[in-house]
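Structure, as structure tokens:
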There are 2 protein chains.
Amino acid sequence: MTSPASGTAQFSEIDLPPSPPVSWHAILGGSPAPARADAIKVACSSCNLRELCLPVGLSDSDLGQIENLVGLRRTVRRGEALFRVGDPFTSLYAVRTGFFKTRVSTEDGRDQVTGFQMGGELLGLDGISHDRHSCDAIALEDSNVCQIPYPRLQEILREMTDLQHQFHKIMSREIVRDHGVMLLLGSMRAEARVAAFLLNLTQRLHARGFSGTSVVLRMTREEIGSYLGLQLETVSRTFSRLQEDGLLEVKQREVRVVDRAGLQRLLNEVPC
Amino acid sequence: MTSPASGTAQFSEIDLPPSPPVSWHAILGGSPAPARADAIKVACSSCNLRELCLPVGLSDSDLGQIENLVGLRRTVRRGEALFRVGDPFTSLYAVRTGFFKTRVSTEDGRDQVTGFQMGGELLGLDGISHDRHSCDAIALEDSNVCQIPYPRLQEILREMTDLQHQFHKIMSREIVRDHGVMLLLGSMRAEARVAAFLLNLTQRLHARGFSGTSVVLRMTREEIGSYLGLQLETVSRTFSRLQEDGLLEVKQREVRVVDRAGLQRLLNEVPC
DNA sequence: CGTTTGCTTGACAGCATTCAACGTTGGTGG
DNA sequence: CCACCAACGTTGAATGCTGTCAAGCAAACG
């Protein structure tokens, strides 16, 4: 195990010191005009997510070069899709503000949430394999992404060694994350799944300057259940039980982690 | 859905016309001297897995250049590890002959099989993210791999556009595959999981020139169960039930798919 | 040929699903 | 301002799938 957060080693994401707070609701509050927002080009070097995003660890000179890699920004309203299964793959997207879910589905309608993405995380990696997207990416709140045209990225990776390595790392990390989810889905009971989910979510939020104990969930019980391989009723019941046990405080979508160590302990339970 | 094999679209691997048969047991039968085998350098251009491996789709001239990318071959005996959690990451490995499993584990001993790898498939992608491997890769039979030093790969990717794209595709495909497994683990019942597993396995074997209906399983019921999120008893019982229903013929590790369409139908079942 | 490992099958229990009813919240329009 | 509605969340009761424990069998190995 290489990660200090032992219990969630397989499940952990980005492991960085907290960066300057991001105004999560900046774009929500003002209900901005999409057209205008899209016209603004943002420099990576002045983006407060640069320590969590693609250009992590790049030198200042490299950072300058990367500016023209990132295309326009794009606004996605809550409930809308950034891309859908079957859409031609052209670009990757870095989340600037907001919150997404990705999901795959069978032709008969069942679907599985494969991840939740927040600021600094990359969307669209699935599309490279077949030149078409193989999952849907849906905004769970009004969101804003940086569009990274893939052909342009390929060019730049050839010139910038550090960025090439960084990009490979991001793809590799996604694979490792997926393995962690497989472990969760394959061998944990409901309580442990929910605990792992909350620990992971709060950790990632903490890395972005948020509280680390209090969350306002952006997704429904059904979406959590789909991600964790549980029914929405089971998720609700599990929240209630963890609250009774004094590990959480739950009020609808507001969740406060009271006993982080206690949740951690649940992950190591023997069954199922 | 882009794949013709609709039911297993999320779960399918490589989708190529069958290539020339590979002598699966060539190395098993003769019990070769490992030292000698390792000394042999194999040219990708003369490898019968080239249409399923990293250099897929490369021009002949590119193929020539890739030769010196691949380092020595390495023999891994049945039960031994190609790499383990925590090992420093130096290389990727392409399976030449044999069969592997990869697994992640929690500190308290539980583990989860994350995949089974056969000829032409890449191992070690997990290691890029943290410069250490995050899973174990165990040979399920005496196996032989081509070692691809990662620093060397990085160099060559910068020179060969096609190979760069190909490598990204392979990583992306792994992500898509993992999403398929998550769908399976999150929303399918035991019968459907086993059906999906067998359909996937036989399809991949078929793409390598094997029967497509008959398999000799290289893994135990416990390993199948770990992969599918089931207990070994459930796997065994499910095999028996599918046999009663006339979909399979099972005799220990020999499995014959009798009714492929019937198995396919199981995947689309409504619950659980 | 005995031992070990892996596979099968049965009985039973338990956790999660299913079905159902009710409560809460937020938005809309009268 | 309030009523109403729709979406979401909570809780209860009952069913059932899968896990657990146990025994017996088959195959592989030395």
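First the proteins, then the strands, lettered A, B, ... as listed; each starts at 1. Hydrogens, waters and symmetry mates play no part in the numbers below; they use all other heavy atoms, side chains included.
Atom pair A/Glu254:CD and C/dT24:P shows a separation of 16 Å (rounding to whole Å applied). Remark: P of C/dT8 and CD of B/Glu244 are 12 Å apart, rounded to the nearest angstrom. The separation between A/Leu232 atom CG and C/dG23 atom C1' is 15 Å, rounded to whole Å. Atom CD1 in A/Ile224 sits about 16 Å away from atom P in C/dA16, given to the nearest Å. As rounded to whole Å, 13 Å separates atom P of C/dT17 from atom CD of A/Glu222. Summarising the geometry, the separation between CG on B/Leu228 and C1' on D/dT18 is reported as 14 Å, rounded to the nearest angstrom. Here C/dT5 presents its P atom at 21 Å from CG of B/Leu217, a figure rounded to the nearest Å. Look at CZ on A/Arg193: it is 8 Å from P on C/dA16, rounded to the nearest Å.
Remark on DNA chain C: of its neighbouring residues A/Gln252 and A/Ala190, the 5'-side contact belongs to A/Ala190, judged by nearest-heavy-atom nucleotide. Ranked by how close their nearest DNA chain D nucleotide is to the 5' end, A/Val235 and B/Glu191 are led by A/Val235. Of the residues near DNA chain D, B/Leu230 and B/Arg78, the one whose nearest nucleotide (by heavy atom distance) lies more toward the 5' end is B/Leu230.
Looking at heavy-atom distances under 4.0 Å, A/Ser236 makes contact with a base. Heavy atoms of A/Gly229 sit under 4.0 angstrom from primed sugar atoms or phosphate atoms, though from no base atom.
When the options A/Val258, A/Asp259, A/Val257 are evaluated for a side-chain contact (heavy atoms from CB on, under 4.5 Å) with A/Leu248, the one that passes is A/Val257. Between B/Glu141 and the options B/Arg218, B/Arg78, B/Arg253, a salt bridge (charged side-chain N to carboxylate O under 4.0 Å, His left out) holds for only B/Arg218.
In this model, the phosphate group of C/dT8 is approached by a side-chain N or O of B/Arg221 to a distance below 4.0 Å at OP1 or OP2. When the side-chain nitrogen and oxygen atoms of B/Gln231 are compared with OP1 and OP2 of D/dT20, one or more of them lie within a distance under 4.0 Å. Of the side-chain N and O atoms in B/Thr220, none sit less than 4.0 angstrom from OP1 or OP2 of C/dT5. For the pair A/Thr234 and C/dA16, the criterion of a side-chain N or O lying under 4.0 Å from OP1 or OP2 is not met.
Looking only at atom types and distance, the side chain of B/Thr75 has a donor-acceptor partner in the side chain of B/Asn144 under 3.5 Å away.
Here A/Phe116 and A/Tyr227 bring their ring centres to under 6.0 angstrom of each other.
Dense packing is recorded around CD of B/Gln147, with more than 12 heavy atoms of other residues, nucleotides or ligands lying under 6.0 Å away. Atom CD of A/Glu233 has more than 12 heavy atoms from other residues, nucleotides or ligands within 6.0 Å.
Residue B/Glu233 places a side-chain atom within donor-acceptor reach of the base of D/dC21, judged by atom type and a 3.5 Å distance cut-off alone. If you check distances only, the side chain of B/Arg253 never reaches the base of C/dT8 with a donor-acceptor pair under 3.5 Å.
Distance from the side chain of B/Arg237 is smallest to D/dT20 among D/dT10, D/dT20, C/dT8. Between D/dG9, D/dT18, C/dC15, one nucleotide has an atom nearer to the side chain of A/Arg189 than all others, and that is C/dC15.
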